[in-house]
Amino acid sequence: MFADLLRRLTDPGPQPLPDADARLALGALLVRLARADGDYSAEEARRIHRILMARYGLDEAEAASLRADCEVMEAEAPDTVRFTRAIKDAVSYEEREAVIEALWEIALADGQRDAEEDALMRMVAPMLGVSDPDSAHARRRAAGRLGL
């Protein structure tokens, strides 16, 4: 399943992804950001779980299963550059912008901005084709939700 999705994502001309594949690819980006500082904490996993539940209308078991699949997908995905560029070509701007907001929520979850997570955000947003102003707005919305 993951090999087929990765092959489709890295094809020279990626096609729009079916909803289930888009969920998996975008969720894998959340996991990649959470793992960026070398500490994939239980709080980050819980926050990803909640984001997946809210974003996709999943129950606890469905979200847990999707998060587990996203963790596997992230581990098998190619380098961040190819992975995000492929997603950019296969997913709508609105969906990518919403993912940037969710990524900021993960990056800010512990109340501090980690250098590795910041660096990944600076790299991922433009690769996904999300403008700097839209990323900044997404960061402010995420910070507001977290009470920061």
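This chain uses plain numbering: 1 for the first residue, then up along the sequence. Just so you know, these numbers come straight off a predicted model, no measurement behind them.
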J.: Is there a side-chain contact between R67 and R50 in this structure, where contact means two heavy atoms from C-beta onward sitting under 4.5 Å apart?
T.: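 Not in contact.
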J.: Look up atom OG1 in T84 and atom CE in M123, then write down how far apart they are to the nearest 0.5 Å.
T.: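 It comes to 6.5 Å.
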J.: Evaluate the side-chain proximity of D114 to D118: yes if any heavy-atom separation is below 4.5 Å, no if none is.
T.: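 Of all side-chain heavy-atom pairs linking D114 with D118, none is under 4.5 Å.
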J.: Let me confirm one number: the CE-CG distance from M121 to L103, rounded to the nearest 0.5 Å.
T.: 5.0 Å
J.: Do L33 and V124 come within less than 4.5 Å of each other through their side chains, counting heavy atoms only?
T.: no
J.: Working note: L24 + C70, criterion side chain to side chain contact (heavy atoms under 4.5 Å, CB included); need CA distance, chi angles, decisive distance, verdict.
T.: CA-CA 6 Å; L24 187 58; C70 291; 4.0 Å; yes
J.: Closer than 3.5 angstrom, by distance alone: can the side chain of E44 be matched with the main-chain N or O of S41 as a donor-acceptor pair?
T.: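 It does hold such a pair.
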J.: Any side-chain donor paired with an acceptor under 3.5 Å for D134 and S131?
T.: yes
J.: R47 side chain to I106 main-chain N or O, any donor-acceptor pair under 3.5 Å?
T.: no
J.: Please round to the nearest 0.5 Å and tell me the distance separating atom CG of L128 and atom CD of E97.
T.: 11.0 Å
J.: Crowded around D59 CG? As in, over 12 foreign heavy atoms under 6.0 Å?
T.: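 Enclosed.
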J.: Identify the two heavy atoms, one from A28 and one from M73, that lie closest to each other, and give their separation to 0.1 Å.
T.: CB-CG, 3.7 Å
J.: Atom NE2 of H49 and atom CG of L30: how far apart are they, to the nearest 0.5 Å?
T.: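 Spacing of NE2 (H49) from CG (L30) equals 13.5 Å.
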J.: Restricting to non-hydrogen atoms, name the atom on V130 and the atom on S135 that form the minimum distance, rounded to 0.1 Å.
T.: CG1-N, 4.0 Å
J.: For residues L146 and M53: do they belong to one hydrophobic cluster (side chain heavy atoms under 4.5 Å, members Ile, Leu, Val, Met, Phe, Trp, Tyr)?
T.: no
J.: Mind running side chain to side chain contact (heavy atoms under 4.5 Å, CB included) on R55 and V99 for me, showing each step along the way?
T.: CA-CA 10 Å; R55 201 174 156 75; V99 167; 3.8 Å; yes
J.: Is R139 close to L108 at the side-chain level, that is, under 4.5 Å between some pair of heavy atoms?
T.: yes
J.: Please check if any side-chain donor atom of H137 sits under 3.5 Å from a side-chain acceptor atom of E101, or the reverse.
T.: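 Not at all, the side chains of H137 and E101 share no donor-acceptor pair under 3.5 Å.
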J.: With a 4.5 Å cut-off on side-chain heavy atoms, are L58 and R23 touching?
T.: yes
J.: How far apart are the closest heavy atoms of A63 and L52, and which atoms are they?
T.: O-CD1, 4.2 Å
J.: Which heavy atom of I100 sits nearest to which heavy atom of A138, and what is that distance?
T.: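 Result for this residue pair: CG2-CB, 4.0 Å.
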J.: If I compare all heavy atoms of G129 with all of Y93, which pair ends up nearest, and what's the gap?
T.: O-CE1, 3.0 Å
J.: Under 4.5 Å between any side-chain heavy atoms of R35 and V31, yes or no?
T.: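 Yes - at least one pair of side-chain heavy atoms lies under 4.5 Å apart.
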J.: Indicate whether the side chain of E62 and that of Y56 have a donor and an acceptor atom separated by less than 3.5 Å.
T.: no
J.: Rounded to the nearest 0.5 Å, what's the gap from CD1 on I51 to CZ on R46? Could you check?
T.: 13.0 Å
J.: With side chains defined as the heavy atoms from C-beta onward, is the minimum distance between R141 and E105 less than 4.5 Å?
T.: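 Side chain of R141 against side chain of E105, heavy atoms only: no contact under 4.5 Å found.
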J.: Are side-chain heavy atoms of E71 and Y40 found at a separation under 4.5 Å?
T.: yes
